[in-house]
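Have a look at the structure below, then the notes.
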Amino acid sequence: MSKSFWIPLCASFGMMILLYIIGFIANIDVLIFKVSLSYTEISLLPIVVGILVGFISEWILKLKPQQ
């Protein structure tokens, strides 16, 4: 697969993981992934930000060859 596929994918997952780690370390409820016996709580903010970073990095890669 080409570079235009892997860079946005890695940037997206990397940003999601980074935000979840920051939320866990700093105990920020908006960024935490909680799992217990009775329920599982997933924050959607890191997922949305990760998807946006993926789209932005893909857009940058498409613009770069034109310049």
Open item on the list: Test of understanding: clusters of I, L, V, M, F, W, Y form through side-chain heavy atoms closer than 4.5 Å, transitively. Do M16 and L9 belong to the same one?
Closed with: yes
- [ ] Treat each ILVMFWY residue as a node, draw an edge where side-chain heavy atoms are under 4.5 Å apart, and state whether I17 and I22 are in one component.
- [x] no
Open item on the list: If hydrophobic clusters are built from ILVMFWY residues whose side chains come within less than 4.5 Å, do F55 and F5 share one?
Closed with: yes
- [ ] Please name the pair of heavy atoms, one in M15 and one in V53, separated by the smallest distance, quoted to 0.1 Å.
- [x] CG-CG2, 4.0 Å
- [ ] Looking only at non-hydrogen atoms, find the nearest pair between L31 and L19 and report the distance.
- [x] CB-O, 3.6 Å
Task: ILVMFWY cluster, I25 and V30 together (side-chain gap under 4.5 Å) - done: no
Task: same_hphob_cluster(I51, L44) at 4.5 Å side-chain heavy-atom cutoff - done: yes
- [ ] Give a yes or no answer on whether the side chain of Y20 reaches the backbone of S43 with a donor-acceptor pair at less than 3.5 Å.
- [x] yes
Task: Any donor-acceptor pair under 3.5 Å from S12 side chain to P8 backbone - done: no
